[in-house]
Amino acid sequence: MTIVHRRAVDRVRSEEAADQREIRAYREDTSYDQVSEVVEDRMQAERVHRCLDSLTDLQRDSVRLAYYRGYTYREVAGLLQVP
């Protein structure tokens with residue numbers, strides 16, 4: 001009985017240790033993914049700003065009003081007084 005009990009305790013401890021290793025590995029992977037996501041988001045934002053800078057003033061204002069301020073195309077046309 002003692003041998004069986006000790007083996008059962010060892011098995012439980014082994015499974016708990018494995019679970020803890022998986023949790024640590026998941027946390028490390030998650031932090032890496034968060035960092036890479038932030039970097040990718042910043043790079044994409046820089047590309048968008050460069051593209052916006054290449055537009056005419058009217059085009060740039062139209063995009064900013066529609067996408068960043070949430071106006072409809074009809075509202076943008078009214079605000080900028082263009083068709």
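Pairing each heavy atom of Ser62 with each of Leu80, the nearest pair is OG-CD1, 3.3 Å. What you find for Ala77 and Pro83 is that their closest heavy atoms are CB-C, 4.2 Å. In this structure, Arg47 and Glu40 approach most closely via the heavy-atom pair NH2-O, 4.5 Å.
Here the CD atom belonging to Glu15 is positioned 11.5 Å from the CG atom belonging to Asp10, to the nearest 0.5 angstrom. Atom CZ in Arg21 sits 11.5 Å away from atom CD in Glu16 (nearest 0.5 Å). Distance check: Gln59 CD to Ser54 OG gives 8.0 Å after rounding to the nearest 0.5 Å. Here the straight-line distance linking atom CD of Glu37 with atom CZ of Arg42 works out to 13.0 Å at 0.5 Å rounding. The line from CG of Asp41 to CD of Glu46 is 11.5 Å long, rounded to the nearest 0.5 Å. From Asp61, atom CG reaches atom CZ of Arg69 across 9.5 Å, with rounding to the nearest 0.5 Å.
With respect to Asp53 and Arg50, no salt bridge is recorded, no charged nitrogen being found less than 4.0 Å from a carboxylate O.
Counting heavy-atom neighbours within 6.0 Å of Leu58 CG, excluding the residue itself, gives a total above 12.
Panel note: side chain Glu75, backbone Thr72; a donor-acceptor pair is recorded below 3.5 Å.
Connection of Val82 to Val76 is established within a shared hydrophobic cluster, with ILVMFWY side chains joined at heavy-atom distances below 4.5 Å, either directly or through further cluster members.
Taking the side chain as every heavy atom from C-beta outward, Val48 and Leu52 approach each other to under 4.5 Å.
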